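This is a predicted model, so every value here is computed, not measured. Each chain gets a letter, A, B and so on, in the order the sequences are listed, and its residues count up from 1.
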Protein chains: 2
Amino acid sequence: MTGGSSEGKPDGAETSVRARILSQEQRLTASEKRVCEVLLSDYPMAGMQSITKLAELSCVSSPTVIRMARKLGYEGFPELQNALRDEVADRIKAPALKRDARGGDGHVLHRFADALIGNLTRSLERMDTAMFDEVAELLADTSRHAYFLGGRITGANAAYFHNHMQIIRTGVTLLDQGPSVWPHYLLDMGERSVLVLFDIRRYEKDLLRLAELAQGRGATIVLFTDQWGSPIAQVARHVFHLQVEAPSNWDSTTAILAVVEALIAEVQAKRWDESQERLEELEAMFSSTRVFRSGG
Amino acid sequence: MTGGSSEGKPDGAETSVRARILSQEQRLTASEKRVCEVLLSDYPMAGMQSITKLAELSCVSSPTVIRMARKLGYEGFPELQNALRDEVADRIKAPALKRDARGGDGHVLHRFADALIGNLTRSLERMDTAMFDEVAELLADTSRHAYFLGGRITGANAAYFHNHMQIIRTGVTLLDQGPSVWPHYLLDMGERSVLVLFDIRRYEKDLLRLAELAQGRGATIVLFTDQWGSPIAQVARHVFHLQVEAPSNWDSTTAILAVVEALIAEVQAKRWDESQERLEELEAMFSSTRVFRSGG
DNA sequence: TCTAGTTTGTAACTATTGCTACAAGCGGAG
DNA sequence: CTCCGCTTGTAGCAATAGTTACAAACTAGA
């Protein structure tokens with residue numbers, strides 16, 4: 001006992017609850033030890049319930065639990081519980097969000113990257129992998145013509161998707177010439193057409209009109225949109241809801257691009273043989289003849 | 001809401017809280033979704049605090065949280081919290097389940113996402129934040145004309161970058177018409193020109209030629225390339241080396257897009273007032289007159 | 001045995017939590 | 001524009017959590 005000044009005092013806020021229990025145990029009374037016993041036997045979840053439950057479980061009264069918490073260096077029971085929760089959080093936290101813990105000094109770039117990783121993770125969480133597979137199947141089917149179109153911001157995504165699909169398979173078209181010529185393409189759309197649309201906020205009326213008309217002609221619509229959902233979702237067969245928020249005035253299309261790239265990979269894998277041939281032909285044209293690149 | 005019997009009712013007690021959120025999300029109202037958002041963004045620890053704290057964190061009132069819990073199939077908030085605690089207990093108990101947070105069953109999509117997150121993280125680790133700031137400064141300076149150009153795959157990145165910069169500032173040009181017309185642009189390039197190039201493997205000779213000529217005329221070259229580095233790096237003033245490998249036959253430009261978006265955000269922030277004006281003007285043109293959208 | 005000190009539980013109190021009832025706000029249909 | 005239904009927050013309520021004060025019970029030393 002004695003009054004030794006700092007002999008065994010628990011640290012300010014550094015050590016874990018378990019460590020404090022182990023180091024302070026000899027200072028505790030019998031019933032207090034019983035509480036620790038219970039706590040350690042189902043650590044740390046036993047401490048995540050109410051003080052009353054924990055007291056009952058330990059066959060002591062609630063004030064005993066409080067006294068123990070105090071001797072461990074906490075203000076009261078809630079504080080001990082918070083400490084416990086933080087420990088759990090640390091143990092739960094996946095590799096992804098670890099950044100803020102280490103080097104992440106808070107440069108814009110790092111905060112931005114964290115947000116994008118979060119977007120990607122959360123987008124994936126809520127995505128239906130079965131739907132992903134169906135869409136890949138749909139796009140791998142060359143008996144269906146595929147049309148691609150994006151909005152002001154997502155136009156680049158559409159172009160990127162089209163660009164790759166064009167290399168992999170035949171029968172793809174990019175609608176990049178403005179609404180006035182869309183009707184021409186609509187003429188050819190039917191039951192065996194796939195229309196891949198990109199529409200994030202602010203949603204564009206023209207795209208909705210096009211989607212409605214295409215659906216009316218029996219086309220299958222695949223939509224890439226944000227977490228809130230473009231109105232086009234109403235007429236689309238498959239909808240990818242992707243997180244687009246970023247610490248910026250602009251929405252981020254990174255998650256969209258990620259899924260697009262995954263789809264490209266999957267479609268390519270499904271059509272390995274055919275696309276390989278096609279690629280070789282293309283390479284041949286690029287390297288031997290220089291017709292289309294007119295190398296300067 | 002009516003009393004639709006079992007249309008989309010959550011299961012008795014089988015499913016996880018996350019699963020219930022995802023399956024019931026479309027039934028929830030806007031504020032209720034906000035709560036789910038917060039809960040998922042720091043799952044499951046965000047739900048381990050008191051209902052009041054969670055409500056505050058989600059910027060809604062506590063009754064909203066209760067209503068959400070009910071719609072998810074729980075009696076009240078404490079029951080939801082118990083479910084959450086059980087999940088945590090499970091996860092803590094078995095550290096064997098290393099497969100991270102989102103029950104990743106190893107679907108292609110998840111493996112792909114893991115790779116992309118890895119790319120982004122590793123790209124960021126080796127990036128010089130000072131260089132990032134310099135480039136942002138460079139692009140925020142309207143006394144310098146900025147040119148954008150990408151290759152076969154990265155063309156979409158260049159277009160995306162240009163598209164946003166065009167909204168934010170004046171004096172930007174996208175070189176998208178093929179090598180034969182590049183010389184025309186070269187005529188205007190000089191000391192106060194910035195040439196933003198994208199070149200990942202396989203590197204394109206034409207781009208290198210252009211870069212050399214531009215450098216000869218005194219232009220500042222900013223290059224986005226892969227981890228191995230395009231030969232253009234030799235003549236570039238600033239080089240972003242980004243990881244592009246993915247479980248695919250194609251390289252991934254996700255990390256590139258991420259940095260581009262971060263740059264857009266940063267430049268926009270630097271030129272807040274001017275770009276704001278510009279944006280308003282643009283919005284006005286879009287909404288009042290419909291000249292350029294010819295609404296179908 | 002008595003007494004001083006410690007340990008522990010009981011009971012009462014307060015703060016907070018989780019919940020209900022209601023009314024203001026909002027948006028779409030007629 | 002009005003009305004209706006849905007959404008949301010405010011205010012109040014009951015229950016419970018955490019805490020305090022105090023007294024009973026136990027321990028140990030004389």
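Residues A:L139 and A:V194 form a side-chain contact, since some pair of their non-hydrogen atoms from C-beta on lies under 4.5 Å apart. Counting heavy atoms from C-beta on, the side chains of A:M48 and B:V88 never come closer than 4.5 Å. Side chains of A:L174 and A:L149 form no contact here, defined as non-hydrogen atoms less than 4.5 Å apart. For the pair A:F224 and A:L242, the minimum side-chain heavy-atom distance is below 4.5 Å.
Atom CG of B:L80 is separated from atom P of C:dT17 by 17 Å (rounded to the nearest Å). The nearest whole Å value for the distance from the CE atom in B:M68 to the P atom in D:dG9 is 14 Å. Computed from coordinates, the A:I66 CD1 to C:dC13 C1' distance equals 13 Å when rounded to whole Å. Per the geometry, NZ belonging to B:K71 stands 11 Å off P belonging to D:dC6, to the nearest Å. Atom P of nucleotide C:dG18 and atom CD of B:Q81 are separated by 6 Å, given to the nearest angstrom. Atoms CD (A:E32) and C1' (C:dG9) sit 13 Å apart, rounded to a whole Å. Separating the CZ atom of B:R70 from the C1' atom of C:dT20 is a distance of 9 Å, rounded to the nearest angstrom. Atom CZ of B:F77 and atom P of C:dT17 are 10 Å apart (whole Å).
A close approach under 4.0 Å does occur between a side-chain nitrogen or oxygen of A:T64 and OP1 or OP2 of C:dG9. Not one side-chain nitrogen or oxygen of A:R27 sits closer than 4.0 Å to the OP1 or OP2 atom of C:dT7. For A:S31 and C:dT8, the shortest distance from a side-chain N or O to OP1 or OP2 is below 4.0 Å.
Taking only side-chain atoms of A:A30, from C-beta outward, the nucleotide of C:dT8, C:dT20, D:dT20 with the closest atom is C:dT8.
Using cut-offs of 30° and 60° for the angle between ring planes, the A:F198 and A:F161 rings count as perpendicular.
The stretch residues 45-61 of chain B comes close to DNA chain C through B:S50, B:I51, B:T52, each having a heavy atom under 4.0 Å from the strand.
Taking the six-membered ring for Trp and the full ring otherwise, A:F132 and B:H107 have centroids separated by under 6.0 Å.
A salt bridge does not link A:E32 to A:R27: none of the charged side-chain nitrogens sits closer than 4.0 Å to a carboxylate oxygen.
Using a 4.0 Å heavy-atom distance criterion, A:P78 is classed as a sugar-phosphate-only contact.
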